[in-house]
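Below you'll find the structure, written out as structure tokens, and then a few comments.
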Amino acid sequence: MSRHFSAEITDIRQLSREHFILTLHRPPSAPEPGPGQFFLIRLPRCGEDPLLRRPFSIFDWDEGKLRFFIRVAGKGTAILAGSGPGERIDLIGPLGRGYPEPSDGKRPVMVSGGMGIASLFPMIREQGKGGLLLYGARTSDELHLLDEIGATGIETETITDDGSSGRKGTVLDLLHDAVQSGKMEGAVVYGCGPWGMLHSLLGFLKENRMEGYLSLEERMACGLGACMGCAKEIGGRMLRVCLEGPVFSVSEF
Amino acid sequence: MSRHFSAEITDIRQLSREHFILTLHRPPSAPEPGPGQFFLIRLPRCGEDPLLRRPFSIFDWDEGKLRFFIRVAGKGTAILAGSGPGERIDLIGPLGRGYPEPSDGKRPVMVSGGMGIASLFPMIREQGKGGLLLYGARTSDELHLLDEIGATGIETETITDDGSSGRKGTVLDLLHDAVQSGKMEGAVVYGCGPWGMLHSLLGFLKENRMEGYLSLEERMACGLGACMGCAKEIGGRMLRVCLEGPVFSVSEF
Amino acid sequence: MDLSVRIGKIQMKNPVMTASGTFGYGGEYSEFVDLDRLGAIVVKGLSLQAREGNPSPRIWETPCGMINSIGLQNVGLDAFLKEKLPWLRRFQTPVIANILGSFPEEYSNLARRLDGEVEGIEVNVSCPNVRKGGILFSSTPESLKEIVGRVRDSVKQSTLIIKLSPATSDIGQDALLCEKEGADAVSMINTIPALAIDTETRKPRLSNITGGLSGPAVKPIALKMVWDSYRRLRIPIIGMGGITCGTDAIEFMLAGATAVAVGTANFINPSATMDIISGIEAYASEKGIRKITELTGGMQCS
Amino acid sequence: MDLSVRIGKIQMKNPVMTASGTFGYGGEYSEFVDLDRLGAIVVKGLSLQAREGNPSPRIWETPCGMINSIGLQNVGLDAFLKEKLPWLRRFQTPVIANILGSFPEEYSNLARRLDGEVEGIEVNVSCPNVRKGGILFSSTPESLKEIVGRVRDSVKQSTLIIKLSPATSDIGQDALLCEKEGADAVSMINTIPALAIDTETRKPRLSNITGGLSGPAVKPIALKMVWDSYRRLRIPIIGMGGITCGTDAIEFMLAGATAVAVGTANFINPSATMDIISGIEAYASEKGIRKITELTGGMQCS
Ligand SMILES: Cc1cc2nc3c(=O)[nH]c(=O)nc-3n(C[C@H](O)[C@H](O)[C@H](O)COP(=O)(O)OP(=O)(O)OC[C@H]3O[C@@H](n4cnc5c(N)ncnc54)[C@H](O)[C@@H]3O)c2cc1C
Ligand SMILES: Cc1cc2nc3c(=O)[nH]c(=O)nc-3n(C[C@H](O)[C@H](O)[C@H](O)COP(=O)(O)OP(=O)(O)OC[C@H]3O[C@@H](n4cnc5c(N)ncnc54)[C@H](O)[C@@H]3O)c2cc1C
Ligand SMILES: Cc1cc2nc3c(=O)[nH]c(=O)nc-3n(C[C@H](O)[C@H](O)[C@H](O)COP(=O)(O)O)c2cc1C
Ligand SMILES: Cc1cc2nc3c(=O)[nH]c(=O)nc-3n(C[C@H](O)[C@H](O)[C@H](O)COP(=O)(O)O)c2cc1C
Ligand code: FES
Ligand code: FES
């Protein structure tokens, strides 16, 4: 079992112009990831440019495969999107501290903004039935994967910035509603999304003294805690997103 | 008509582990090349590494296509070999001074060592019937394209360094034989191959005061005569292989 | 939208010029570049006499860059004035002659003879001083000062630009010295001294052993040097080093460059300069920038 | 085949060490690297007190390279001695502590306390001198001399290595100064000062504005500096800058390095050091090299 391995691309499914699902054949030697962990992927087919690996949350896996849900954000993700089945990719992972399981009897509430769903999906899959998903995106086009989410049996509420599907607003609005309707009693919150959203969510959780876990992003080089490149100020200390995170407890802030 | 254009790969035919023929769709805007000219190819699918374009002689063309005969010599050619139909490639060319036609009544004799055949093939095709090809390679495996050469009707003699096909020796041995048997009377020689071979050929031609044209190789950046990167000492001056060459007359040395 | 910039007395319609040694004498690229659309054309470095330069091989590719040791092969001043310059005069674009020498006097002679013939004279000070055992003119403040002083005395009409070497501990200080000695502008960076070795033969990849590194690899280094200099200078900076696209050019302007030069990128994309001008235009119109000069030094550090 | 090399009193089983700051305190990579197989382990730069370093973002990718401005975050000397070093002692591999300071005294204190505890002390002189308005210790011969002199006086048992900055006009001279002041070895190059700007926000890509460039992009520059220094030094050189494979390491040795360090490559390939050792072995056996030290300075220039 080695956390550094190579895997073959078996499928690249385009969900929109910008979004795709990368499916890899999971070699038997690849260790089992947990929800909220991530992999560092070395871009295929390039010389030494782009140089660094790219971090992606594990979206889904089983014995035979690893799946990543990816948005084209720049040249590295564009190279990935343009790859094809049969090509091999070099990975390091699973890395980092993922989402802890909800403590006994607590209801898991997943709060996802935009691409946050990539990291939260394994929680949805594992905790689905009893849980609640508050799912926001800019437009209805970006409310991806509602089918796969629906199949887990999770209670789901959606919202878009532009009102193109369901309510108009942000997941924070959904959260306030959920509180109103008593759905947040005994809840433990798992949040992933843009920093602005996480920041508001953090404020909310702190204010309401609620248990919660937030997944952060930062540029990375080593992914192993060695380079200090991904450190972020959290609770007055510089913590490594790759090692002490990417998931941090609200109590750490 | 622009000498800077992009073209689609229509086929990559592997001739051996190291050798392949790259066929591109020739866009109508691409100007007509001449024998001995070359193109600068930008490697597909890479970021800025490898940075420079790679020079390749035009091997064959018609209205609809451009063909290059390429040996994998390093990382750039390996990237090309790994490309596939449908990918687009950016080209500059045709560039440089190619082989002049034989003056009236002279018999064209092509002297090819190793990959030299890539550059000489258009001469063989155009001058084939009346001409003579002296074709040497390291082993019989590297005597590529004998079929296509045969189809031109040219008189061909082959030789290999290891004797694995035909005689054992170099094209210079073939040349001496050709002189013996009177085949070089009124000949004009076109040579392409490794520098060692060209150097001997040059000595031979000078000594025998024969007309001849040699195609040289040098590392290139611009291919347009601007950077002075490809200059080689020829006849006491630093001449640009990309502009004053790649084909030089024996009289220039 | 106003893309024009001024370097000394040179009024340029946009900030994009060519980098010396990468664009020949202009004609080599006229098939791919509308020379009238360039901000300025900087030609290959000129010496008094024609030079044959170094033996081959002269170039080597490195990660995201290349090393060259052309050894300053050029047609010489006379041939430039007789054969190359008249052709360039067919275009509206200012011409900047890059000069180099082996002795201080070679610089002043070149400068005197070019003064008034070209809009700008760019002085390449990264040349070995033959009289001082081959150490570069740029390598001590004293010799840099001597060269700048001499060319300043020789140039009355053209704009005088000193092209600085990155092989220094403080390029801002070198630039300041040039300003004090009366330079109208500085350009930076020249190539960075570099080496590559063939492990098979154990020989250097270049006949000259070492050469100068250019291309995208050096961009972050060049940007830092422009920014260091900008904060200390009043005269304008021409920024270069690895610029391949419009946003690269904008980065240099934000770091403090008034104009930019495009070098190695010409080899990769022969119409790079045109694409970069279009890229700057697109950026300016998208961001609602009226005058491109607003960008110079506009990096926001707080 | 003998791959062993000697740096001062440090006997290494092969020439491959880790570059400070890219390998944590060793443990971070133990899953991918057989620490017993390394020539030496150089740990992250240590200060007397723990440091939190710069705010994020701290890294940015550039063409074939990266810029970092970690700001020297580290656990501090005490935690290193108590928590990190004992763990490293489980391995046969020499440990080299990299030290940094804000004042000359911080260097000498660190050196004194580490002397004898680790096989080697590598002094990072590319740090801002807080007492002199933040200019780097490496930026003048005087301040470089002061630091080297002070640490030399403090180090009696460990091997003393000075790590040089490439931001200088003549690294060979800096290296010679270190030799004269009694350094046992020099290592080069540290990262090259660099800048990158986000043209969308006009802000620098790093919170610290500037940072240091490393990775394959800098390799040709580093090689040139090693070669310049080699010709003037008697003490050994540890070469680094962009080494990613065995032949890169061989290139550095041919240019004059006795040992090499692997930095940024660890991030791309976590077992890079192992692959590089294997690559050197393969090269040596293919070329029939009995002692790897034969390679040092073996570039053939004629
Ligand atoms: C722990 C973690 C998990 C992630 N999971 C996912 C995921 O499941 N799906 C997905 O689409 N994206 C995910 N991201 C974001 C993803 O890593 C970036 O979008 C990607 O690196 C962009 O690379 P690029 O070359 O396309 O963009 P460029 O902008 O060209 O990249 C330039 C540099 O910035 C870095 N960078 C750019 N954006 C980010 C970012 N948001 N976070 C970290 N580094 C960045 C790149 O890694 C690279 O080093 C995750 C990021 C982290 C840190
Ligand atoms: C005018 C001309 C015509 C050519 N025609 C052909 C052809 O038809 N078929 C073919 O297979 N090869 C041809 N070559 C050689 C071909 O250009 C090189 O094999 C190729 O550039 C190697 O690139 P690489 O990245 O695989 O090798 P690398 O060794 O990784 O290349 C490193 C650098 O060296 C340069 N380089 C390496 N070998 C040569 C060489 N022999 N000549 C010039 N530059 C070189 C590369 O362009 C690159 O800049 C020709 C060369 C020239 C100058
Ligand atoms: C092949 C080549 C030749 C050069 N010749 C000169 C020259 O003659 N004079 C000069 O001042 N700079 C010369 N330079 C340096 C460039 O003008 C420029 O400063 C440097 O290449 C950095 O820019 P770039 O990365 O865009 O190429 C040359 C560069 C290259 C690549
Ligand atoms: C993230 C990072 C952190 C570094 N930290 C240190 C350090 O603490 N002390 C030091 O002397 N050098 C430090 N360096 C410089 C490296 O040790 C090395 O000199 C440089 O990166 C060049 O080698 P490379 O190109 O192989 O990375 C650091 C480099 C990187 C990339
Ligand atoms: S990415 Fe290197 S410490 Fe986190
Ligand atoms: S390759 Fe530039 S002059 Fe020939």
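Bear in mind that the values here come from a model prediction, so they are computed numbers and not experimental data. Lettering follows sequence order; numbering is per chain, from 1.
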Quiz item: Roughly how far, to the nearest 0.5 Å, is the SG atom of Cys227(A) from the CD atom of Gln73(D)?
Solution: 10.0 Å
Quiz prompt | Arg53(A) CZ to Asn269(D) CG distance, which is reported to the nearest 0.5 Å | solution = 7.0 Å
Quiz prompt | Atom group of Leu52(A) that falls short of 4.5 Å from chain D, counting heavy atoms | solution = both
Quiz prompt | Inter-residue atom distance Ile70(D).CD1 - Met228(A).CE, 0.5 Å rounding | solution = 8.0 Å
Self-check item: Which atom of Tyr29(D) lies closest to which atom of Ala226(A), heavy atoms considered
Solution: CE1-CB, 3.5 Å
Practice problem: Determine, stepwise, if the pair Glu48(A) / Thr244(D) fulfils side chain to side chain donor-acceptor pair (under 3.5 Å). | Solution: CA-CA 10 Å; Glu48(A) 284 167 329; Thr244(D) 67; 3.3 Å; yes
Quiz item: Under 4.5 Å between any side-chain heavy atoms of Ser56(D) and Glu233(A), yes or no?
Solution: no
Quiz item: Of the backbone (N, CA, C, O) and the side chain (C-beta and beyond), which part of Thr62(D) lies under 4.5 Å from a heavy atom of chain A, both, or neither?
Solution: backbone
Quiz item: Would you call Glu52(D)-Arg237(A) a salt bridge at under 4.0 Å N-O?
Solution: no
Exercise. Would you name the heavy atoms of Pro270(D) and Leu224(A) that are closest together and state the gap between them?
Key: CB-CD1, 4.4 Å
Quiz item: For Glu8(A), does the CD atom sit with more than 12 other heavy atoms under 6.0 Å from it, leaving out its own atoms?
Solution: yes
Quiz item: Do the side chains of Phe267(D) and Leu51(A) get nearer than 4.5 Å, heavy atoms only?
Solution: no
Quiz item: Does atom CD of Gln92(D) have more than 12 heavy-atom neighbours, drawn from other residues, nucleotides or ligands, at distances under 6.0 Å?
Solution: no
Quiz item: Is any side-chain heavy atom of Arg58(D) closer than 4.5 Å to a side-chain heavy atom of Met238(A)?
Solution: yes
Quiz prompt | Structural part of Phe23(D) lying under 4.5 Å from a heavy atom of chain A | solution = backbone
Quiz item: So do the side chains of Thr22(D) and Cys222(A) get within less than 4.5 Å of each other, counting heavy atoms only?
Solution: no
Quiz prompt | Residue, of Gly27(D), Ser271(D), Gly65(D), Pro55(D), that accumulates the most heavy atom pairs under 4.5 Å with chain A | solution = Gly65(D)
Quiz prompt | Region of Asn74(D) that comes under 4.5 Å of a non-hydrogen atom in chain A | solution = neither
Quiz item: Charged N to carboxylate O under 4.0 angstrom, Arg54(A) versus Glu61(D)?
Solution: yes
